[in-house]
Engineer: 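My questions all concern the structure below.
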Number of protein chains: 2
Amino acid sequence: MSQNTTLKKISQILDISISTVSRALKNHPDISERTKQKVIELAAALEYEPNAYAINLRTNNSKILGLIVPSISYYFYDTFISSIEEECRKNNYTLLILQSGDDTETEISNIKICRHNRVTGVFACITPNTKDISAFLKLAESEIPLIFFDKVPPYENCNKVCIADAAAAKMAADLIIQKHKKNVLSFFGNKSISITQKRLPAFIEAFEQANTSANLDIDFALSFEEAYEKTLFYLNKKNKPDTIFCMSDEILIGVMKAIQQLQLKVPENIAIVALSNGIMPKWYYPEITYIETSGDKLGRLAFARMMECLSGNIQPQELIIGSMLVEGGSI
Amino acid sequence: MSQNTTLKKISQILDISISTVSRALKNHPDISERTKQKVIELAAALEYEPNAYAINLRTNNSKILGLIVPSISYYFYDTFISSIEEECRKNNYTLLILQSGDDTETEISNIKICRHNRVTGVFACITPNTKDISAFLKLAESEIPLIFFDKVPPYENCNKVCIADAAAAKMAADLIIQKHKKNVLSFFGNKSISITQKRLPAFIEAFEQANTSANLDIDFALSFEEAYEKTLFYLNKKNKPDTIFCMSDEILIGVMKAIQQLQLKVPENIAIVALSNGIMPKWYYPEITYIETSGDKLGRLAFARMMECLSGNIQPQELIIGSMLVEGGSI
DNA sequence: TTGAAAGCGCTAACAT
DNA sequence: ATGTTAGCGCTTTCAA
């Protein structure tokens, strides 16, 4: 029933024109109070629901925002997504969430879905395999505001919203140094993604500047399984690490599995420091000490930037959000 | 640019009528090959993208499916969502994912968003707090197919797609009995949700039927924190359990945190069995033995059922999907 | 084989 | 304060 109530129907019942009904429902000042009331009442009674498609066809404003992300779950994005969702709800936008799953073809297809649904703007976090971002840039050319977040392309001329990757990595390194750790194993993610490219050098530089005698091993893991395998390997060596740094939750999971297997005590036998949005660190005992890379704050910032773009402030900008140390008991 | 290409524009350039262009693009048999080719080429060159809003306004078919779920991440739903997404992509549907976050108001607002965007159908998993499902049922009254999945309401006359909750719980119980466990602690989730109501009695019944001398403790945990606290409590008792059953991933996380804290060896000191979609059990060492409640298969089934509803097979049905034992090393 | 025309539901400029 | 009208982009019936 609510599906069929239209302005026309209301206007016929009330024997007034369609435009009067339209105006009454929008609380237009021209319309008399009496008419307004009649219309609003009837609309409520008939459960009138404006036809979003007609509105968009007419106004060219879908009030849908697209969100393209490698994966919805487990790691960083869930808090980001939740905060964007909340903002959308507050501001009467519909959020269209699309997972690309590390697959560039699906990513392209997701961009098409955004176009097809004529989204008002797009939030995008690129997959580790994304080299060619021309399909994304075309959105921006079509005047669809585009905001990259977290894993962003190495391209200057676009909107980006990132956490302070370098600063966070440095904080982690400084913490480890300050605790006088002597043999540090640090795991980073895919070398070709922006966050690794920012975190890794900052981490190394912090150690160099500290002028410490600590040994620093750097390795990479692209999945939790790989982090697990490699951790086992390192912890079975003669000169085994006293500290492991995990660039991401994914890595943390693998490292912790290996530590469980070897029955090491944290932090007595091995110290752990991670970069995380803070959900998984609480799943372990002792809770993991981490540098918070807040998806929540990042989401709010991205949304605010989107609103700015939509209201005309189009100059590409890169925004950075700070992070902070959250102490668990793992170091 | 692609934003502005319309049938009209193409028709003007080619000096033919709009309807001919429309037909040519749809490969309508009436149109000559020559015309078709010309049109298709030009459309490609101008990056023509059909206006979904105009189509929907005309045809009343949005090809958007809504998915309303308590939470996108961490636990069961991600595999379910991914498989639905894949089916949608294959079948040219857009999936609108909406999180309710255990909040009934947000859930209602999500239903409204579905209506507003005139979705073709809705998949819904209700929150633990949802008592009143009338807003959902109204969708079905408006002839929007509605398929509940996983956590479904206690209401006969609607479509449901569930895992074999009772059978899965029985499998877990049988496994524990067969391993001659003597002191079993079992954690269940919120008593007011359907899956608990199905799993709990089946679990208990399996023990009763087995006529074992084993002691069975039943308790409930609504969050991973609660599972953690309660596990600590039970494991510090004199007569401590030799086995813990976890009804969900959420509970498993809490239980495992307590086990880490107490430095118990799995399965020597304590055995674990869970119900899970299989992602988290692999995060622990030894990997957790679980009864698979496959979100993936459930998603495919739900989608297939949706397509059936859309093609007219509207009789409410409850579909159940089997589960199976996946051995880890935790019992 | 192609074109003309109506209409989906709505908004907004232009009457009155 | 209210009505008339045109048109957003598309599909589809009817006509040629």
Side-chain angles (χ1 to χ4, degrees), chain A residues 1-40 42-43 46-64 92 115-120 142-143, chain B residues 1-40 42-43 46-64 92 115-120 142-143:
Chain A
M1 50 163 70
S2 91
Q3 294 293 44
N4 316 327
T5 306
T6 64
L7 295 185
K8 192 176 172 185
K9 194 164 166 186
I10 295 177
S11 76
Q12 284 168 344
I13 296 176
L14 259 30
D15 199 29
I16 55 179
S17 78
I18 296 179
S19 30
T20 303
V21 178
S22 173
R23 289 186 190 111
L25 254 16
K26 298 194 135 54
N27 201 19
H28 191 108
D30 276 0
I31 305 297
S32 74
E33 278 308 321
R34 260 194 77 243
T35 311
K36 270 186 200 169
Q37 234 194 317
K38 276 198 310 190
V39 170
I40 289 170
L42 184 58
L46 296 177
E47 300 184 58
Y48 170 72
E49 170 82 38
N51 187 316
Y53 292 89
I55 295 174
N56 180 58
L57 185 58
R58 184 62 231 251
T59 62
N60 238 324
N61 179 6
S62 65
K63 295 218 88 174
I64 297 181
N92 264 306
R115 274 192 184 285
H116 178 74
N117 289 283
R118 286 184 150 63
V119 297
T120 304
S142 319
E143 308 201 335
Chain B
M1 48 163 70
S2 89
Q3 294 294 44
N4 315 327
T5 306
T6 64
L7 295 185
K8 191 176 174 187
K9 194 165 166 187
I10 295 177
S11 76
Q12 285 169 342
I13 296 176
L14 259 30
D15 200 28
I16 56 180
S17 78
I18 295 178
S19 26
T20 303
V21 177
S22 173
R23 291 185 187 112
L25 253 16
K26 298 195 132 56
N27 201 19
H28 191 107
D30 277 358
I31 305 297
S32 74
E33 279 307 322
R34 261 195 77 241
T35 311
K36 270 186 200 168
Q37 236 194 316
K38 276 198 310 188
V39 170
I40 289 169
L42 184 59
L46 296 178
E47 301 185 58
Y48 170 71
E49 170 82 40
N51 186 316
Y53 292 89
I55 295 174
N56 180 58
L57 185 58
R58 185 59 230 252
T59 63
N60 237 324
N61 179 6
S62 66
K63 296 216 88 174
I64 298 181
N92 265 308
R115 276 191 183 284
H116 178 74
N117 289 282
R118 286 183 148 62
V119 296
T120 304
S142 320
E143 308 202 334

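Residue numbers begin at 1 in each chain, while the letters A, B, ... track the order of the sequences. Since the structure is predicted, the reported quantities are computational estimates derived from the model, not experimental observations.
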Engineer: Whether B:T35 contacts C:dT2 is assessed here as follows: a side-chain N or O lying under 4.0 Å from the phosphate OP1 or OP2. Is that the case?
Structural biologist: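 Checking C:dT2 against B:T35, a side-chain N or O does come within under 4.0 Å of OP1 or OP2.
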
Engineer: Between atom CG in B:N60 and atom C1' in D:dT12, what is the gap in whole Å?
Structural biologist: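 Going from CG in B:N60 over to C1' in D:dT12 covers 15 Å.
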
Engineer: Crowded around A:E143 CD? As in, over 12 foreign heavy atoms under 6.0 Å?
Structural biologist: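 No, because the 6.0 Å sphere around CD of A:E143 holds 12 heavy atoms or fewer from other groups.
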
Engineer: When the distance from NE2 of B:H28 to C1' of C:dT1 is rounded to whole Å, what number comes out?
Structural biologist: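 About 10 Å, once rounded to whole Å.
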
Engineer: Just to confirm, is there a sub-4.0 Å distance from OP1 or OP2 of D:dT2 to any side-chain nitrogen or oxygen of A:T20?
Structural biologist: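 It does not, given that no N or O in the side chain of A:T20 lies less than 4.0 Å from OP1 or OP2 of D:dT2.
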
Engineer: With side chain to side chain contact (heavy atoms under 4.5 Å, CB included) as the test, pick out the partner of B:I10 among B:L14, B:I13, B:T6.
Structural biologist: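 The option that passes is B:L14.
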
Engineer: So what does A:N51 hit on the nucleic acid, given a heavy-atom distance under 4.0 Å: a base, only sugar-phosphate, or nothing?
Structural biologist: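 The residue A:N51 makes sugar-phosphate contact but no base contact.
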
Engineer: Expressed as a whole number of angstroms, how long is the span from B:H116:NE2 to C:dG9:C1'?
Structural biologist: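 So the NE2-C1' distance, B:H116 to C:dG9, works out to 13 Å.
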
Engineer: On DNA chain C, compare the nucleotides closest to B:S19 and A:L57; which residue's is nearer the 5' end?
Structural biologist: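 Here B:S19 is the residue nearer the 5' end.
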
Engineer: Taking CG from A:L7 and C1' from C:dG7, how many angstroms apart are they, rounded to a whole number?
Structural biologist: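 Rounded to whole Å, this separation is 15 Å.
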
Engineer: If I take atom OH in residue B:Y53 and atom P in nucleotide C:dG9, what distance separates them, rounded to the nearest angstrom?
Structural biologist: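 My rounded result for the distance is 17 Å.
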
Engineer: When you check the phosphate oxygens OP1 and OP2 of D:dG9, does a side-chain N or O of B:T6 lie under 4.0 Å from one of them?
Structural biologist: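 No.
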
Engineer: Rounded to the nearest 0.5 Å, what's the gap from CD on A:E49 to OG on B:S142? Could you check?
Structural biologist: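 That separation rounds to 10.0 Å.
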
Engineer: Map A:I18 and B:S22 onto DNA chain D by nearest heavy atom, then report which one ends up closer to the 5' terminus.
Structural biologist: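 Checking each residue's closest nucleotide, the 5'-ward one belongs to A:I18.
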
Engineer: With a 3.5 Å cut-off and no angle check, do the side chains of B:S11 and B:S17 form a donor-acceptor pair?
Structural biologist: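 The answer is no; no qualifying pair exists.
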
Engineer: Taking atom P of D:dG9 as reference, at what distance in whole Å does atom CG of B:L46 sit?
Structural biologist: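 That distance rounds to 14 Å.
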
Engineer: Please report the distance, rounded to the nearest Å, between CD1 in B:I31 and P in D:dT12.
Structural biologist: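 Rounding to the nearest Å, CD1 of B:I31 and P of D:dT12 are 14 Å apart.
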
Engineer: Heavy atoms only, 4.0 Å cut-off, all strands: where does B:I55 land among base, sugar-phosphate and nothing?
Structural biologist: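 Touches sugar-phosphate only.
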
Engineer: Toward the 5' end of DNA chain C, which comes first, A:R23 or A:A54, by nearest nucleotide?
Structural biologist: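 Looking at DNA chain C, the more 5' nearest nucleotide goes with A:A54.
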
Engineer: Check whether any side-chain nitrogen or oxygen of A:S32 sits under 4.0 Å from OP1 or OP2 of D:dT2, and answer yes or no.
Structural biologist: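 Yes, such a contact exists.
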
Engineer: Rounded off to whole Å, could you give me the NZ-to-P distance for the A:K26 and C:dG9 pair?
Structural biologist: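 Atom NZ in A:K26 sits about 16 Å away from atom P in C:dG9.
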
Engineer: Might you confirm whether atom CD of A:Q37 has over 12 heavy atoms from other residues, nucleotides or ligands at distances under 6.0 Å?
Structural biologist: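 No - once you tally the heavy atoms of other residues, nucleotides and ligands closer than 6.0 Å, there are 12 at most.
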
